[in-house]
Number of protein chains: 2
Amino acid sequence: MKNAYRIGEVATRTGCSPESIRHYEKLGLLPTPKRSQQGYRYYDQAVLERVGFIRHGRSLGLDLHSIQELLALSDHPDTDCGAADDIATRHLQHLEARIAKLQALATELRQVVQQCRGGKAADCQIIQTLYDHTLDCSERGCGQIEA
Amino acid sequence: MKNAYRIGEVATRTGCSPESIRHYEKLGLLPTPKRSQQGYRYYDQAVLERVGFIRHGRSLGLDLHSIQELLALSDHPDTDCGAADDIATRHLQHLEARIAKLQALATELRQVVQQCRGGKAADCQIIQTLYDHTLDCSERGCGQIEA
DNA sequence: CTAAACCCTGTAATCGTTACAGGGTCAAGC
DNA sequence: GCTTGACCCTGTAACGATTACAGGGTTTAG
């Protein structure tokens, strides 16, 4: 039973790059690890679970700040868990809103694409549509795009 | 009929910030404008349509590079319009893939949220689920997240 | 004549990750 | 011994599009 990993081994075991691991440490999501005499980071088993937690959160689309909050809850087992529910629920609503927006964009874009009948750019309906002011920002609330 | 706008007026008429307009100019999406003796940018009517084009493209989720290609096509009316169709179609497929991915995330997150029955963080199923390795990156292909 | 509102340039921030540069360390093979 | 390759370190910059400064100049209305 080996319980001292260098960063590369943590990386391969978790599917997370060494750069990201160092990044998480800098942001405070991972504890400051022990160092060898030469300055190499050495990790124990626990960090594998913690990195796994982070990657799973990221794979769900949570941002690192939310994951940090969830880790803080996890680090204080006596805290009420409602905050975790808040974070997850808020993110779910965020996702649902984004999906709705992307679907609207895809619908509009599908119409744009179908208008193209080939030919010269001068007559291209895709380009014409993009020039069309009646569909653009000032009409709808389209501040953020993040698409 | 006034046909000389300063950047701020272009901004209010197009719903696009002056910073973004300068940014588009730096990237080459907008032509270098005339300057007053004091160095102020002065624009004519044409830039309003061009900025409108860009904003409409952005509101559809196109990136500035794609928009630049579309503008180039528009600037050369004799070019074949197939490239525009390519760009739009490619982006549409990109959008559809993203939607599918976000929907999968939302489904998974919905399951996670429903598991929370309140109580202490130590027992919180949201946190437990995030620690669960069987769902994480190494199992599925979850390299890019961009959610 | 002064204050508000505008403009300029250049730089840094955001988010998470990747990719360097420039250097040190450690193993195996010759 | 000595080299080669695989690791590790730090710090910085890049990606994309936008926003937010700092630090300065100009115009306009009161």
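Proteins come first, then strands; the chains are lettered A, B, ... in the order of their sequence lines, and each starts at number 1.
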>> Can you measure A:Ile21 atom CD1 to D:dC7 atom P for me and round it to whole angstrom units?
In response: 14 Å
Distances under 3.5 Å between nitrogen or oxygen atoms of protein and nucleotides 9-12 of chain D:
unit_1: D:dC9; atom_1: OP1; unit_2: A:Arg41; atom_2: N; d: 3.0
unit_1: D:dC9; atom_1: OP1; unit_2: A:Arg41; atom_2: NH1; d: 2.7
unit_1: D:dC9; atom_1: OP2; unit_2: A:Arg22; atom_2: NH1; d: 2.3
unit_1: D:dC9; atom_1: O5'; unit_2: A:Arg41; atom_2: NH1; d: 3.4
unit_1: D:dC9; atom_1: O3'; unit_2: A:Arg35; atom_2: NH1; d: 3.4
unit_1: D:dT10; atom_1: OP1; unit_2: A:Arg35; atom_2: NH1; d: 3.2
unit_1: D:dT10; atom_1: OP1; unit_2: A:Arg35; atom_2: NH2; d: 3.0
unit_1: D:dT10; atom_1: OP2; unit_2: A:Arg41; atom_2: NH1; d: 2.9
unit_1: D:dT10; atom_1: OP2; unit_2: A:Arg41; atom_2: NH2; d: 2.8

> Between B:His94 and B:Arg98, do the side chains contain an N or O donor and an N or O acceptor separated by less than 3.5 Å?
Replying inline: yes
> Roughly, in whole Å, what's the span from CD in B:Glu19 to C1' in C:dC6?
Replying inline: 12 Å
> Has A:Ser36 got a side-chain N or O lying under 4.0 Å from the OP1 or OP2 atom of D:dC8?
Replying inline: no
> Any luck finding a side-chain donor-acceptor pair between B:Ser66 and B:Asp63 under 3.5 Å?
Replying inline: yes
>> With no hydrogens and no angle check, just 3.5 Å: does a side-chain donor-acceptor pair link A:Tyr24 and A:Arg55?
In response: yes
> For B:Arg58 and D:dA17, what is the distance between atoms CZ and C1' respectively, to the nearest whole Å?
Replying inline: 6 Å
> Residues in salt bridge (Lys or Arg N to Asp or Glu O under 4.0 Å) with B:Glu96, at least two apart?
Replying inline: A:Arg110
> Quick one: bend of the helix from C:dC1-D:dG30 to C:dC30-D:dG1 from 5 pairs per end, to 10°?
Replying inline: 30°
> According to a strict under-4.0 Å criterion, is A:Tyr42 in side-chain N/O contact with OP1 or OP2 of D:dC8?
Replying inline: no
> Side-chain N or O of B:Ser17 less than 4.0 angstrom from OP1 or OP2 on D:dT19?
Replying inline: yes
> Which residue lies toward the 5' end of DNA chain C, B:Gly8 or A:His65, if each is placed at its nearest nucleotide?
Replying inline: B:Gly8
> Closest nucleotide of DNA chain D for B:Arg6 versus for B:Tyr24: which of these residues is on the 5' side?
Replying inline: B:Tyr24
> Does a salt bridge link A:Asp44 with A:Arg50, judged by any charged N lying under 4.0 Å from a carboxylate O?
Replying inline: no
> In whole Å, what is the span from the CD atom of B:Gln68 to the P atom of D:dG16?
Replying inline: 12 Å
> Between D:dA17, C:dG16, D:dT19, which nucleotide has the shortest distance from any of its atoms to the side chain of B:Asp63?
Replying inline: D:dA17
> What residues, two or more places apart in sequence or in another chain, satisfy salt bridge (Lys or Arg N to Asp or Glu O under 4.0 Å) together with A:Glu25?
Replying inline: A:Arg41
>> Strictly by salt bridge (charged side-chain N to carboxylate O under 4.0 Å, His left out), give each pair with a member in residues 78-88 of chain B just once, sequence neighbours left out.
In response: none
> For the pair made of CG in A:Leu60 and C1' in C:dG16, what is the distance, rounded to whole Å?
Replying inline: 16 Å
> CD of B:Gln37 versus P of D:dT27: gap in Å, rounded?
Replying inline: 9 Å
> Could you state the CG-C1' distance from B:Leu62 to D:dA17, rounded to the nearest angstrom?
Replying inline: 14 Å
>> Within the 3.5 Å criterion, strictly below it, is a donor on A:Gln45 or A:Tyr5 matched to an acceptor on the partner's side chain?
In response: yes
>> Applying salt bridge (Lys or Arg N to Asp or Glu O under 4.0 Å), can you list everything that pairs with B:Glu69, at least two apart in sequence or on another chain?
In response: none
>> Whole angstroms only, please: what is the NE2-P distance between A:His94 and C:dC15?
In response: 13 Å
